[in-house]
Amino acid sequence: MTVLSQEDRQEIQGILTTGFGHLRVAGFVFVRFADPAGGRAWLADLVSQVTTAAPWDVDDNGDKRKPGATLNVAFTFPGLVTLGLPPRTDETFPTEFAVGMAQRAAVLGDSGDSAPENWEIGGPRNEDLHALLIVYALDDAALDARLDELRATFGAAVVEVASERGARTDRSREHFGFASDGISQPTIQGVRSEDAEPSPWVIRTGEFILGHLNELGLYPRSPAVAVADDPHGVLPRFPEEALPDYRDLGRNGTYLVYRKLRQDVAGFWRFLQDTLEARPAEMLAIAAKLMGRWPSGAPLVLAPDADDPALATSNDFMYRLSDEVGHSCPVGAHVRRANPRDALKKIADSAEESIRTSNQHRLLRRGIPYGSALFPEERIEDGNAPVDLETDGAERGLQFFAINADTKRQFEFVQQTWLNNPTFAGLHANKDPIVGDNAGDGQMVVQRNPVRRHVNNIPRFVAVRGGAYLFVPSMAALRFLSRAV
Amino acid sequence: MDILILLAPVTRGSEAQLRDALAAIETDHAGNAYLRLGSSPNTHFVRFVLLEDDEHGVRLLFAANYDGPLGAYLDELRRAGPGLDRIFGTCAGYDGDLAAFARRWYLKPRGVYIAFPGVTVRDVRRWIAVREQIESFLDLPEVAGYLTEPGIGPLLEQLVEIRDTAPGDALYEGLRASVANCGGAVRGVVLKQFLRIAEGFSKHGQATTWPLVRGGFDDGTYDREREQAIQTVEIGAGSIQNQMTTVTEIRPELRLRLRVALAGTTVLSRFGWPPGEFADVGTLHWFAWALLDDGKRLLFMSTFDGSWQNYLQDFINKLIWALDALYSNTYDYPAAGMQDIWAFTDYILDHQRPPAVFYSAYPTETVFNALRDRQIASAVGLASRRPQLDGWLGAL
């Protein structure tokens with residue numbers, strides 16, 4: 001039985017184990033360190049304010065005392081180098097993190113509109129990013145107050161480079177009108193005692209937190225510091241008494257993927273209405289086929305013909321037995337690509353093998369929408385689709401955050417081998433219809449009896465506006481980084 | 001499909017010229033001044049790789065997967081290669097006689113797997129074309145509309161009933177089933193034996209469950225730029241295929257064991273699985289091993305579908321026994337084999353040699369796609385002798 005210990009929980013930053021669902025708004029402040037010593041001094045003062053994964057206190061009534069605002073902090077590779085890493089420790093970070101997201105455009109499919117040259121944050125034409133402050137709060141006023149407090153600590157050493165916000169909607173829908181993707185969130189083994197054992201739904205801790213066993217039965221590769229470079233013994237040892245000459249800079253930390261994803265909401269519904277000449281009910285049905293779930297969140301495998309709000313949070317389904325060929329949920333639908341569950345063929349002989357493979361590529365998502373809704377959520381209920389939408393010129397989308405212990409094997413793999421792979425599951429020239437790098441020539445096969453329907457000329461509905469690969473240190477690692485080298 | 005592998009020393013001073021020529025080919029497979037691979041109808045895949053070591057200096061590795069007799073293929077290369085002499089002319093022992101050059105520097109492929117052994121480039125392209133034309137037909141507005149309502153359901157029902165009464169079917173199905181069973185039996189027996197041998201070969205270490213420290217603290221072979229280059233090869237709309245070429249050093253005391261493993265791989269590749277499904281991986285177009293330098297080094301080459309990361313994933317989940325049995329006879333291979341994923345990944349990265357040229361005749365077709373396209377094309381092609389087809393159409 002594996003449950004995270006109290007010691008571990010006090011070391012882990014809170015955002016790894018919870019999305020702070022009770023806090024409605026979030027602020028993301030990107031900063032650059034103007035000088036290393038000043039940056040370290042600033043960080044040393046900040047550490048005590050960082051929200052950890054330690055269980056919340058309980059009040060006299062037995063209710064959890066949930067925090068009214070939280071703070072978490074993450075660093076880019078240049079940020080760590082600027083703060084100062086011991087000799088050769090920089091080389092123990094994985095390559096994709098070291099080169100940064102913009103350099104991985106070929107892997108991620110970030111081309112055309114989404115190319116890093118066109119980004120607002122993290123691209124070659126944008127200012128250097130060193131660290132990211134993630135603040136959640138109850139409402140806008142509380143968020144502004146907290147951000148002002150933090151900004152007041154910056155001084156000359158910390159320079160604000162960019163600032164973003166996000167806000168949850170009333171019904172937790174994303175901007176296209178679908179239930180947010182938290183429904184299929186993997187459960188991390190060991191955060192709650194009832195999730196002590198891995199299962200198809202409970203993913204081993206080491207997929208999301210360094211220093212713990214992962215789905216391969218191994219510890220994820222972790223950045224290291226020579227013992228001599230940690231004279232005060234701030235950092236923990238490696239697990240199982242391995243590597244006695246080194247200390248584990250990664251343990252209880254993780255990697256965070258940030259993408260600012262702009263959604264073309266009018267473009268999405270107009271494509272269904274105008275290009276496909278669909279009637280409202282049909283617009284909804286096709287949209288659901290592209291997504292793999294209905295707007296309420298009900299999965300197509302369980303609700304093939306119409307939305308069923310009773311199944312809105314249902315995540316207990318598989319594909320192979322009931323829907324192998326995709327008549328309910330198309331093989332290339334967004335949710336079936338993002339997590340193929342038991343449906344992987346050619347690489348997996350059996351349902352069990354497919355689930356095992358799928359579970360080696362899961363992401364813990366911490367996304368939150370930004371921008372105002374283009375249409376009221378009622379317009380997409382009771383079988384209605386939002387018709388005649390006009391764009392209002394405003395920016396809206398998703399502040400996408402994903403947590404994983406191995407960005408190559410998790411985020412990048414999902415992006416390249418599943419979402420953007422034109423030959424996913426034996427398809428031809430099909431990419432993810434929602435988030436794929438389609439450019440007006442996208443195709444999607446909707447399997448159907450007797451003959452498939454082809455949705456053609458799919459444009460890009462989601463464009464990348466910025467992004468970064470970040471390291472979320474443990475509390476010990478934060479203290480270590482804040483010391484002079 | 002056959003495999004031609006040549007490894008020839010590059011004469012001193014010609015290296016720059018050769019690199020320029022290969023870069024020109026890679027930039028434009030169809031229209032360059034040296035070798036127009038696009039106009040060679042019998043070439044499936046080609047790669048040129050420059051290998052360098054202290055003992056031999058720079059050598060040119062050329063590997064081609066081709067259809068038909070070798071002599072005819074070499075003639076075809078010459079026709080497609082207005083600047084062929086300027087490529088092979090940089091190598092020792094080339095006097096314009098390509099056949100003599102090939103005889104001199106030939107390497108025997110061993111432990112070969114080919115997804116579709118009897119299938120030509122022409123066949124694959126025909127499958128693709130048939131599927132694409134059917135897709136376009138189905139996408140015509142009138143047709144697409146008709147398919148929904150009234151629909152071709154009733155017609156298909158009738159067709160199925162006709163086929164069910166065709167006398168040859170039961171016999172054909174029975175024959176197919178027994179052939180499949182036979183393949184299964186061969187696989188069962190051979191695979192069991194081979195797995196036993198492979199396990200014996202590679203079980204001399206436990207997988208380390210802890211992470212190795214890589215980079216600054218290791219032996220210094222780590223090269224972040226090389227890793228970045230290998231991992232960011234563009235896979236997508238233009239080409240979904242990828243390649244791997246590794247050169248490793250064989251442990252002299254294990255040469256015999258390596259040969260046994262190569263022979264076992266050959267048998268399994270040929271008889272172990274249905275076409276396109278080696279070890280149930282289904283993403284491998286072909287692979288081959290070869291011994292270099294009097295058995296001192298081991299060359300591995302493959303063409304596969306998807307990213308490097310995906311390929312390693314296939315290895316790790318599927319091919320452990322196959323690769324362990326072979327690679328475990330080389331230096332630097334992790335004691336626990338592929339189980340030790342970090343060490344295995346590092347081993348592959350350290351020994352991979354990126355190609356100067358990588359060409360495919362059907363770069364957007366995966367093995368999985370080819371299996372489906374063959375199924376689509378062969379079903380409609382059953383009665384496609386021209387007079388029969390004309391007769392059928394004429395009867396309407």
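Both backbone and side-chain heavy atoms feed into the values below; hydrogens, waters and symmetry mates do not. What you see is a predicted model, and the numbers here were worked out from it, not measured in a lab. Reminder, nothing fancy here: chain letters follow the sequence lines and each chain counts from 1.
Heavy atoms closer than 4.5 Å to chain A are found in the side chain of B:Asp373, but not in its backbone. A:Asp406 touches chain B through its side chain: at least one heavy atom from C-beta onward sits under 4.5 Å away, while N, CA, C and O do not. Neither the backbone nor the side chain of A:Asn449 comes within less than 4.5 Å of any heavy atom in chain B. Proximity to chain B (any heavy atom under 4.5 Å) is restricted, for A:Asp90, to the backbone atoms N, CA, C and O. Of the two parts of B:Thr232, the backbone and the side chain both hold a non-hydrogen atom closer than 4.5 Å to a non-hydrogen atom of chain A. Of the two parts of B:Glu132, neither the backbone nor the side chain holds a non-hydrogen atom closer than 4.5 Å to a non-hydrogen atom of chain A.
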**Item:** side-chain hydrogen bond (donor to acceptor under 3.5 Å, both in side chains) assessment of B:Arg131 paired with A:His428
**Value:** CA-CA 10 Å; B:Arg131 190 247 314 148; A:His428 291 276; 2.9 Å; yes
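Interatomic distance, CG of B:Leu349 versus OG1 of A:Thr95, reported as 8.0 Å (0.5 Å rounding). The line from CZ of B:Arg372 to CG of A:Leu427 is 6.5 Å long, rounded to the nearest 0.5 Å.
Using a 4.5 Å cut-off on side-chain heavy atoms (C-beta onward), A:Arg409 and B:Leu312 make no contact. Annotation: side chain of B:Glu227 is in contact with side chain of A:Lys408 (closest heavy-atom distance under 4.5 Å). Between A:Thr423 and B:Asp305, the closest side-chain pair of non-hydrogen atoms is not below 4.5 Å.
Within 6.0 Å of CZ on B:Arg353 lie more than 12 heavy atoms contributed by other residues, nucleotides or ligands. Atom CD of A:Glu282 is surrounded by more than 12 heavy atoms from other residues, nucleotides or ligands within 6.0 Å.
Among B:Glu225, B:Glu135, B:Glu365, the residue making the largest number of heavy-atom pairs under 4.5 Å with chain A is B:Glu135. Contact count against chain A (heavy-atom pairs under 4.5 Å) is highest for B:Ile240 among B:Thr366, B:Ile235, B:Val367, B:Ile240.
Salt-bridge check for B:Asp346 with A:Arg221: passed, with a basic side-chain N closer than 4.0 Å to an acidic carboxylate O.
Scanning all heavy atoms of the two residues, the minimum distance from B:Ser307 to A:Gln416 falls at CB-OE1, 3.0 Å.
Contacts of residues 98-108 of chain A with chain B at a heavy-atom distance below 4.5 Å involve A:Ala98, A:Val99, A:Gln103, A:Arg104, A:Ala106, A:Val107, listed in sequence order.
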